[in-house]
Chemist: 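Submitted below is the structure of interest, expressed as structure tokens.
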Amino acid sequence: MVRPLILARTADPERTRALAAAGVHPLLARLWAARGLECPAPTEWAALIPPDRLSRVDQAGALLADAIQAGKRLLIVADYDCDGATACAVAVRALRAMGAQVDFLVPNRFETGYGLSPAVVELACRHPAGKPDLLITVDNGIASLEGVAAARAAGIEVIVTDHHLPGPALPEALAIVNPNQAGCGFPSKHLAGVGVIFYVMLALRAALRSRGALPPKGGPKLETCADLVALGTVADVVRLDANNRLLVGQGLRRIRQGRMQAGLAALFEVAGRDPARAGTNDLGFALGPRINAAGRMADMSLGIHCLLEDDPDRALELARALDEINRERRARETIMRDEALTHLDTHAQAARAASVCVWQPGWHPGVIGLVASRLKETYWRPALAFAPDDGDTLRGSGRSIPEIHLRDALDLVSKRLPGAILQFGGHAMAAGLTLKTAAFDDFSRQFDAAVRTLGGRESFEPRLDTDGSLETDYLTVETANLLASQIWGAGFPPPLFQDRFRVLHQRPLKDKHLKLFLERDGLRLDAIWFNHADPLPETIEAVYRLDCNTWGGRSSVQLLIEDARDAA
């Protein structure tokens with residue numbers, strides 16, 4: 001594991017004072033100021049960026065209103081991750097509430113690949129609910145030029161809703177709603193796929209109201225879908241700008257009040273999490289992975305059905321099935337990760353390369369992205385993991401570090417090694433590709449060279465950004481609960497603190513974690529360092545998160561150690 005460079009954020013004093021003067025808790029004022037806030041962010045629905053700021057959303061709403069009033073069959077084409085699943089659930093729930101004949105279809109990761117492809121159009125034509133008149137993509141479609149053309153050739157029109165970056169050409173759809181398409185002035189470019197379709201549903205309701213099909217302020221209460229919007233937004237790790245934090249905050253509010261979908265309540269139950277204390281960690285690390293596991297290991301339809309289920313008992317059955325699939329995913333991921341680390345150690349690649357490239361026979365293609373993520377964190381280098389695909393090809397998934405734009409690196413390799421990469425796509429931090437098996441060694445060398453070229457160096461150093469010291473008076477359960485109730489995530493990271501402690505006692509836990517009892521300024525504290533079992537010196541400089549540990553009905557503050565070093 002590469003040791004990170006530890007840096008402290010700086011909070012502008014004037015911003016801190018302004019936030020505190022506005023009634024913000026003094027600690028939150030410092031933390032928010034360090035993240036660029038100048039005033040408390042609005043949290044009510046009235047502050048949501050208006051739908052009409054999103055290009056083509058009114059057109060899409062009008063087209064959907066036309067289809068509903070004409071009695072046409074609608075079919076949602078989803079993606080097989082949590083963002084796609086929640087977007088599909090929002091679309092189906094809202095459309096049905098507004099009188100639409102609608103069903104869904106989700107591509108199979110292993111059979112038809114990502115997005116609206118011609119193969120998916122063939123499945124749509126044979127859908128059990130009947131051949132649709134209109135397809136609506138959610139969390140995909142912006143790159144589906146061939147799929148949209150195939151749908152139109154089959155007599156099916158398409159509306160694309162997506163948030164991924166568009167390519168040089170756009171599909172010939174009836175309407176495209178994407179905050180990242182050229183000419184769209186929507187201020188929040190970081191909407192997740194579920195956020196985009198939520199806006200489209202708002203526009204549809206407005207269109208039906210304007211036509212008199214719904215009362216002026218009537219129709220379905222779309223805020224009931226806020227829990228789904230929050231889950232998909234957090235799970236997709238999009239930047240939590242002010243608009244996304246509002247969406248997530250509204251969803252968490254409903255969850256904490258117990259007013260969530262039956263499927264989410266069931267997922268909280270099987271994950272052993274308390275919805276009354278729900279936070280972004282619960283969505284990102286407990287619920288999201290259980291939904292994602294269905295798409296990785298089996299069929300995402302199971303996850304979507306869980307999110308659409310209204311009967312609590314049936315929802316719990318589906319959630320338990322998802323939990324079992326997630327256990328299988330974790331076991332498979334552990335085996336593959338250990339095999340990858342052993343292989344890299346044996347071949348000494350980690351010592352000489354600026355990147356990591358690995359594959360093994362028998363690896364599961366649905367888990368390679370997670371393995372790549374683990375390798376990236378371990379070596380702090382762009383990492384690609386591959387699994388055997390059909391015939392003589394490998395399917396790969398990559399994760400990168402901030403210094404290297406992964407898609408650009410793959411594009412450079414495709415030019416330097418023509419014909420080796422059969423297809424690729426993605427963005428700065430994650431990408432996928434299909435590669436000829438025979439070209440793997442040449443590809444690995446060229447990918448490493450591309451990383452060195454783009455990065456301008458042969459090695460990279462991770463960093464931990466901290467919020468400096470935490471005053472001793474704030475080392476309390478109350479502070480831990482205050483921090484846990486806030487909206488943290490990508491682009492608005494949760495606080496990390498850095499302080500010196502004396503180690504009073506330490507012991508390994510399950511041979512892979514380190515349980516600690518620390519002392520600072522006369523205050524004794526419990527702490528734990530997950531996935532680290534090596535003993536620490538008597539005095540340490542620790543980077544940590546504040547956590548509330550509840551056991552046997554009693555709550556106490558606990559430090560979650562992220563890094564610790566000799567401070568003697």
Side-chain angles (χ1 to χ4, degrees), residues 45 76 78-97 104 106 138-139 192-195 197-198 201 220-238 240 244-296 300-327 329 484-485 487-489:
W45 282 116
I76 308 299
D79 186 19
Y80 42 66
D81 67 359
C82 187
D83 186 17
T86 52
C88 181
V90 167
V92 171
R93 283 185 173 278
L95 285 166
R96 286 178 178 168
F104 73 89
V106 58
V138 292
D139 193 32
V194 68
I197 194 63
F198 180 71
M201 294 300 101
K221 296 184 180 299
L222 295 179
E223 61 267 27
T224 60
C225 293
D227 53 349
L228 296 170
V229 177
L231 173 57
T233 299
V234 172
D236 213 45
V237 202
V238 294
L240 293 187
N244 277 339
R245 289 203 307 280
L246 190 158
L247 289 169
V248 172
Q250 285 289 342
L252 284 173
R253 181 182 300 179
R254 294 189 67 85
I255 291 170
R256 291 166 185 164
Q257 293 171 346
R259 297 187 297 154
M260 73 200 93
Q261 315 295 337
L264 264 70
L267 287 167
F268 270 97
E269 182 172 339
V270 299
R273 302 290 182 105
D274 180 8
R277 300 177 59 213
T280 49
N281 268 355
D282 297 296
L283 303 182
F285 298 104
L287 273 65
R290 285 169 169 80
I291 296 290
N292 277 327
R296 292 187 182 281
M300 181 49 89
S301 295
L302 180 65
I304 296 171
H305 280 301
C306 181
L307 300 178
L308 289 173
E309 184 57 60
D310 291 323
D311 178 74
D313 293 334
R314 176 58 181 154
L316 187 57
E317 289 179 17
L318 294 169
R320 285 171 175 160
L322 290 170
D323 186 58
E324 187 59 37
I325 294 170
N326 192 50
R327 292 175 191 274
R329 186 272 305 168
S485 69
I487 310 301
W488 311 107

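The analysis underlying the following values was restricted to heavy atoms, covering all of them including side chains, and did not include hydrogens, waters or symmetry mates.
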Chemist: Indicate the atoms forming the closest heavy-atom contact of Cys306 with Leu322, along with that distance.
Modeler: CB-CD1, 3.9 Å
Chemist: So how far is it from Leu222 CG to Met201 CE, rounded to the nearest 0.5 Å?
Modeler: 8.5 Å
Chemist: Looking only at heavy atoms, which two atoms of Ala78 and Val138 are closest? And how far apart?
Modeler: CA-CG2, 3.7 Å
Chemist: Write down the atom of Ala226, the atom of Trp45, and the distance for their closest heavy-atom approach.
Modeler: CB-CZ2, 3.9 Å
Chemist: Determine the minimum heavy-atom distance between Leu252 and Ala230, stating which atoms define it.
Modeler: N-CB, 4.4 Å
Chemist: By ring-ring contact (aromatic ring centres under 6.0 Å, His included), which residues pair with Phe104, not counting sequence neighbours?
Modeler: His305
Chemist: Say you draw a straight line from CG of Leu287 to CZ of Phe268; how long is it, rounded to the nearest 0.5 Å?
Modeler: 5.0 Å
Chemist: Of the non-hydrogen atoms in Asn292 and Met300, which two are nearest, and what is the gap between them?
Modeler: CA-CE, 4.1 Å
Chemist: Decide yes or no for Trp488 and Leu240: does some side-chain heavy atom of the first lie under 4.5 Å from some side-chain heavy atom of the second?
Modeler: no
Chemist: Is it the case that the side chain of Gln261 and the backbone of Thr224 share a donor-acceptor pair, with hydrogens and angles ignored and the cut-off at 3.5 Å?
Modeler: yes
Chemist: Would you name the heavy atoms of Leu283 and Pro289 that are closest together and state the gap between them?
Modeler: O-CD, 4.4 Å
Chemist: Please round to the nearest 0.5 Å and tell me the distance separating atom CD1 of Ile255 and atom CG of Leu228.
Modeler: 8.5 Å
Chemist: Are Arg93 and Asp310 side-chain neighbours, meaning at least one heavy-atom pair lies under 4.5 Å?
Modeler: yes
Chemist: Can you tell me which residue pairs pass the salt bridge (charged side-chain N to carboxylate O under 4.0 Å, His left out) test with a partner in residues 251-272, sequence neighbours excluded?
Modeler: Glu44-Arg253
Chemist: So, Asp236 side chain and Val238 main chain: donor-acceptor pair closer than 3.5 Å or not?
Modeler: no
Chemist: So, Asp83 side chain and Val194 main chain: donor-acceptor pair closer than 3.5 Å or not?
Modeler: yes
Chemist: Which atom pairs, one a donor and one an acceptor, fall under 3.5 Å between side chains of residues 313-320 and the rest of the protein, sequence neighbours left out?
Modeler:
from: Arg314; atom 1: NH1; to: Glu317; atom 2: OE1; distance (Å): 2.9

